[in-house]
Each structure stands twice: as structure tokens, then as C-alpha cells.
Amino acid sequence: MQIFICKNDKEIGDKVSSEILKLVEKKPAAVLGLATGSSPLGTYTALVIKAKQQGVSFHQVTTFNLDEYLDCSDPKQTYHVFMAEHVFNALDFDAKKLNFPSLENLSSYDEMIAKAGGVDLQLLGIGVNGHVGFNEPGTPNDSLTHIITLSATTRRSNSRFFKDNLDLVPKQAVSEGLATIANSKHIIMIADDLTKQTAIHHLLYGHGDPNVPATALLHHPNFDLYLTKELYEAAK
Ligand code: GLP
């Protein structure tokens, strides 16, 4: 794991968006693994601005999103909508090349990724309890795309997107598994919020621990962790 300590989330967004652009310029038909949530937001904002300025096309790019809620009470909070608003509608993506896990493609999602050539660059956030995608504590390291029941911690944390009303937060999701994520050629994880301090501490000093799912990636040969200085200082 390589650690990049940045001044603030703006600097993270700037650096990570440059990594994505560098890849797409070198490989116009790259396969991107994409994440939602507040962590990658700065990266997406910078990516859209710079791709437009530099005239980089995403038309040949294939994307695989990590996860999606099941039975989402508020359609505006689905990850489909998040991605459309913050990334897909702003650039020249080809709608036919944008993939999300769902009940329909659950058993073929990993095969779809493999057929596309595998994920070149996987963006990741991390949950307060160390989840990646929606792989909650206890998820086996060899898991592929699956249905998951969200933990109480995750539902409480995500209630901020559902009027702080826990009853409105979905109870289940479809998520790529830990093995799906670990199969990516390059992983970039972003963490910029102090609520992630304990989870990041485990990544900095821990060993593979099924109670902290992100530690399943510790042995990945090309895993970059981008942190704000404030979070790094609090977590170390
Ligand atoms: C959600 C998503 C994860 C995301 C995590 C952290 O539950 N399923 O993919 O990484 O929460 O979100 P945020 O970046 O908003 O803190």
C-alpha cells in the first residue's frame, strides 16, 4: 500500500482526477471501477472540469459501479442518480458502457467485468466501519458480487442522505464482493473524513481482519491510499 497525504480534499480530488485522466489518455477504452459517496466527489468535480478543459473523451470507457441500494425509498438517492448527476451526464460517456450491479445481473457481474478485460482503475471510499463497496464486517475475502444486508452503523451513517430518518434508509444493497474489488489492477482509496479514523488506523497498522473489510486489500500490489493530513494525523 502506498500512502499519499494531501493538504485537503481539494488536493486529493486534483491528484486522483489526474490519475484517471492519465489512464484514459493512454488507454481510451479503459475500464473504470467507480464509487459513490462524499469521498470521491472532489475527484469527480475536478475530473469533469479538467476533462473538458483538456478535451479528453470518455466515449470508449467502460465503467462498473461498485454497488447499488435495493428498494431505495428515495429514487434521488440511488447510486444511478448520483453517478448521472456528478459524472456521466457531464462528460461524453456511452450509456451502453455504464454498468451497475443489480438483482438481474448479480450472478454475471464478475463475468461481465472479466469480459471487459478487468478493472484498470478502481476508485474506493471507505465506510465508518471499514466497509468497501457495501462489504460489511464479516464479508469473506473471496466474495464476488452479492446481496448484502446493511449494518446498523452503515444505515445510521447513510441516514444523512435520507432526511436523517433511519426508517427511510434502505436495508439491503447489491455490492461487488471483496474478491471482485481485489481483482482490479490498480486501486485508489480516498478518505477525507475524521469519522473514518479507526478504519484508517486498521489500514495503517492492521493485518487482514474480517471485521475491517478494507484490510482485505492490504496485500494488493497496486493499492494507493489518499488521505487528508488531518485524517492521517488522527488515525496514526
Ligand atoms: C457508502 C458506499 C461506499 C462508500 C461509503 C463511504 O455506504 N456504499 O461505497 O465508500 O459509504 O461513503 P462516504 O464517502 O460518503 O463517506
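For ligands, and for the atoms within them, numbers begin at 1 and follow the listed sequence.
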*Should the pair Glu233-Lys229 be classified as a salt bridge under the 4.0 Å nitrogen-to-oxygen rule?*
yes
Nearest neighbour in protein (non-hydrogen) for [atom]:
{"atom": "atom 4 (C) of ligand 1", "value": "Thr36 O, 4.0 Å"}
{"atom": "atom 7 (O) of ligand 1", "value": "Phe134 CE2, 2.9 Å"}
{"atom": "atom 6 (C) of ligand 1", "value": "Ile126 O, 3.5 Å"}
{"atom": "atom 14 (O) of ligand 1", "value": "Ser39 OG, 2.5 Å"}
{"atom": "atom 3 (C) of ligand 1", "value": "Gly133 O, 3.4 Å"}
{"atom": "atom 16 (O) of ligand 1", "value": "Lys196 NZ, 2.7 Å"}

Residue-level breakdown please: for [X] versus ligand 1, do any non-hydrogen atoms fall below 4.0 Å on the side chain, on the backbone, on both, or on neither?
{"X": "Glu136", "answer": "neither"}
{"X": "Tyr79", "answer": "side chain"}
{"X": "Ala35", "answer": "neither"}

*Begin from the C-alpha positions of Thr228 and Ile12 and carry the test side-chain contact (heavy atoms from CB on, under 4.5 Å) through to its verdict.*
CA-CA 8 Å; Thr228 52; Ile12 297 181; 3.9 Å; yes
*How would you list, by chain and number, every residue that makes a ring-ring contact (aromatic ring centres under 6.0 Å, His included) with His146, sequence neighbours excluded?*
none
*Sub-3.5 Å N/O-N/O distance, Thr154 and ligand 1*: no
*Give me the one residue out of Phe93, Tyr44, Tyr79 that meets ring pair (Phe, Tyr, Trp, His ring centres under 6.0 Å) with Phe88.*
Phe93
*Under the side-chain contact (heavy atoms from CB on, under 4.5 Å) criterion, do Ile188 and Thr43 qualify, and how do the steps go?*
CA-CA 11 Å; Ile188 293 185; Thr43 295; over 6 Å; no
Find all atoms of ligand 1 within a distance of less than 4.0 Å from any non-hydrogen atom belonging to [X], and give their numbers and elements.
{"X": "Gly125", "answer": "10 (O)"}
{"X": "Gly37", "answer": "14 (O), 15 (O)"}
{"X": "His131", "answer": "1 (C), 3 (C), 5 (C), 7 (O), 11 (O)"}
{"X": "Asp67", "answer": "2 (C), 8 (N), 9 (O)"}
{"X": "Asn158", "answer": "1 (C), 7 (O)"}

*Side chains of Ser175 and His131: closer than 4.5 Å at any heavy-atom pair?*
no
*Check whether any heavy atom of Met189 sits under 4.0 Å from an atom of ligand 1.*
no
*asked:* Please report whether the ring centroid of Phe161 lies less than 6.0 Å from that of Phe82.
replied: no
*Search all heavy atoms of His186 against all heavy atoms of Asn222 and return the closest pair with its distance.*
CD2-O, 3.3 Å
*With sequence neighbours excluded, give me every salt bridge (Lys or Arg N to Asp or Glu O under 4.0 Å) pair touching residues 86-106.*
Asp94-Lys96, Asp94-Lys97
*Report whether Ile190 and Ile49 are members of the same hydrophobic cluster (ILVMFWY, side-chain heavy atoms less than 4.5 Å apart, transitive linking).*
no
